[in-house]
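My structure is below; once you've seen it, I'll send some questions.
Letters go in sequence order (proteins before strands), and every chain restarts at 1. Bear in mind the structure is a predicted one, so any value in this text is a computation, not a measurement.
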Amino acid sequence: MAYLTSSPIDVPAMLLDARSSDGALCLFVGVVRDENEGRRTTAIQYEAYGPMAESEMARIADGLAREYPAVKIGMKHRVGLLSVGDASVAIAAVSPHRADAFAACRAAIDRVKTTVPIWKKEFHPDGSS
Amino acid sequence: MAYLTSSPIDVPAMLLDARSSDGALCLFVGVVRDENEGRRTTAIQYEAYGPMAESEMARIADGLAREYPAVKIGMKHRVGLLSVGDASVAIAAVSPHRADAFAACRAAIDRVKTTVPIWKKEFHPDGSS
Amino acid sequence: MRVRLLHFASFREAAGRDEEEREIADGTRVSELWSALGKQVALFRRFPKMPPAAVNREYAAPDTVLRDGDEVAFLPPVAGG
Amino acid sequence: MRVRLLHFASFREAAGRDEEEREIADGTRVSELWSALGKQVALFRRFPKMPPAAVNREYAAPDTVLRDGDEVAFLPPVAGG
């Protein structure tokens with residue numbers, strides 16, 4: 001599976017992954033916002049160490065599959081230049097019950113933000129970054 | 001706002017509610033599953049005490065707005081006869097940061113399931129319910 | 001005085017109707033209306049304690065005194081979502 | 001022996017390039033390569049400790065011994081999502 005994409009993330013498509021035994025879907029979407037630490041943001045450039053980011057996301061998916069065997073996880077992270085309102089990352093977790101759908105989704109985004117080699121460069125209204 | 005609907009929930013539409021200051025969206029979707037407590041399910045009839053369910057959901061939304069002032073919440077609950085795979089409830093929480101988007105979304109579905117006067121009747125493959 | 005009583009889900013099936021008007025004495029409390037219903041409907045007697053009740057579409061405590069024209073419902077265990 | 005060194009984000013800007021080949025002595029450890037880089041690039045000296053490193057696209061401990069042909073990267077603080 002390719003976890004990284006330079007195209008817009010098709011978030012609604014990530015809703016379609018439920019099995020007939022799934023009663024709960026938890027979706028997290030990270031969105032570029034217009035402000036960070038008090039400074040206005042106009043855009044963010046996401047840069048990845050591509051092959052390592054792919055394998056780290058696969059490792060996170062494998063770990064979650066062991067910890068939450070009932071949960072099926074889908075993950076996408078976008079790279080390139082994104083505008084305010086664009087989805088930078090989306091994680092969908094489906095499960096028969098909601099407790100582990102929430103827990104696995106939350107664990108996934110926390111780990112993605114901690115260990116996947118992706119970096120952000122913010123651009124400000126005055127053109128600085 | 002009408003929280004109850006007898007039409008299919010337009011889940012992707014619930015993704016569109018983010019403000020430019022929101023960096024996180026957490027969406028929960030409850031889906032009719034094919035099994036419950038060991039019995040196969042073919043469909044579920046959802047019945048509501050309509051006016052009270054509306055006001056209970058509004059009360060839940062008001063409470064969450066006080067507890068999570070940065071979060072904006074959208075909620076829909078479907079009533080009527082649903083098939084396996086149909087979304088019965090959807091809750092979207094957008095926020096500048098993910099911690100309270102997750103927390104508010106989880107609190108919302110927990111409260112909806114506890115206090116909103118909606119009842120399920122399950123139908124089984126042998127026609128019983 | 002009269003109240004309007006609504007029945008939902010398993011309580012509707014047990015009562016055999018979805019609503020009814022009931023004549024009650026002035027000062028009747030929610031819990032007393034529940035006891036009165038138990039004399040008519042076997043299912044209601046089997047509840048070890050009164051289920052949650054709503055008066056005029058809001059949850060109401062068992063000792064709530066009913067008023068003429070109130071809309072009352074006893075709620076089977078809720079199971080939305 | 002030679003390793004391929006990749007630079008990302010602020011480290012790329014500090015190093016002025018996104019990759020380079022480097023000749024290193026047999027038995028060189030990851031932490032020793034980081035120290036050698038610090039002699040060239042001021043930004044790298046300012047780190048109180050070695051940042052996370054990857055060897056052949058996996059996180060690697062500072063005492064990992066490098067081998068000929070390894071792909072090595074020191075990773076600026078990660079901030080995906």
Answer yes or no: is there a side-chain heavy-atom contact under 4.5 Å between A:L15 and B:L27?
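Heavy-atom side-chain distance check passes, below 4.5 Å.
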If you take all heavy atoms of B:A90 and B:V11, which pair is closest and at what distance?
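So the two residues come closest at CB-CG2, 4.4 Å.
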Decide yes or no for B:I118 and B:L4: does some side-chain heavy atom of the first lie under 4.5 Å from some side-chain heavy atom of the second?
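Yes - at least one pair of side-chain heavy atoms lies under 4.5 Å apart.
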What option among B:A18, B:P12, B:G23 has the most heavy-atom pairs under 4.5 Å with chain A?
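Result: the option with the highest number of such pairs is B:G23.
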Shortest non-hydrogen contact from A:V116 toward A:A53
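Heavy atoms only, the tightest pair is CG1-CB, 3.7 Å.
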Contact winner vs chain A - B:A101, B:C105, B:A93, heavy-atom pairs under 4.5 Å:
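Between B:A101, B:C105, B:A93, the count favours B:C105.
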Closest heavy-atom contact between A:I73 and A:A108?
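Distance-wise, the nearest heavy atoms are CD1-CB, 4.4 Å.
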Please look at B:A24 and chain A and tell me whether the side chain, the backbone, both or neither of the residue comes under 4.5 angstrom of a heavy atom of that chain.
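Both parts, heavy atoms under 4.5 Å.
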Tell me the ring-ring contact (aromatic ring centres under 6.0 Å, His included) pairs involving residues 7-34 of chain B, sequence neighbours left out?
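The answer is A:F102-B:F28.
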Say you draw a straight line from CD1 of B:I60 to CD1 of B:I91; how long is it, rounded to the nearest 0.5 Å?
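One finds 8.0 Å between CD1 of B:I60 and CD1 of B:I91.
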At a 4.5 Å cut-off on heavy atoms, which part of A:A99 comes close to chain B: side chain, backbone, both, or neither?
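Both parts, backbone and side chain.
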Chain B/chain A interface donor-acceptor pairs under 3.5 Å:
{"residue": "B:S20", "atom": "O", "partner": "A:D34", "partner atom": "N", "Å": "2.9"}
{"residue": "B:S20", "atom": "OG", "partner": "A:D34", "partner atom": "OD2", "Å": "2.8"}
{"residue": "B:S21", "atom": "O", "partner": "A:R33", "partner atom": "NE", "Å": "3.1"}
{"residue": "B:G23", "atom": "O", "partner": "A:V31", "partner atom": "N", "Å": "2.9"}
{"residue": "B:L25", "atom": "N", "partner": "A:V29", "partner atom": "O", "Å": "2.8"}
{"residue": "B:L25", "atom": "O", "partner": "A:V29", "partner atom": "N", "Å": "2.8"}
{"residue": "B:L27", "atom": "N", "partner": "A:L27", "partner atom": "O", "Å": "2.8"}
{"residue": "B:L27", "atom": "O", "partner": "A:L27", "partner atom": "N", "Å": "2.8"}
{"residue": "B:V29", "atom": "N", "partner": "A:L25", "partner atom": "O", "Å": "2.8"}
{"residue": "B:V29", "atom": "O", "partner": "A:L25", "partner atom": "N", "Å": "2.8"}
{"residue": "B:V31", "atom": "N", "partner": "A:G23", "partner atom": "O", "Å": "2.9"}
{"residue": "B:R33", "atom": "NE", "partner": "A:S21", "partner atom": "O", "Å": "3.1"}
{"residue": "B:D34", "atom": "N", "partner": "A:S20", "partner atom": "O", "Å": "2.9"}
{"residue": "B:D34", "atom": "OD2", "partner": "A:S20", "partner atom": "OG", "Å": "2.8"}
{"residue": "B:R98", "atom": "NE", "partner": "A:D110", "partner atom": "OD1", "Å": "3.0"}
{"residue": "B:R98", "atom": "NH2", "partner": "A:D110", "partner atom": "OD1", "Å": "2.8"}
{"residue": "B:D110", "atom": "OD1", "partner": "A:R98", "partner atom": "NE", "Å": "3.0"}
{"residue": "B:D110", "atom": "OD1", "partner": "A:R98", "partner atom": "NH2", "Å": "2.9"}

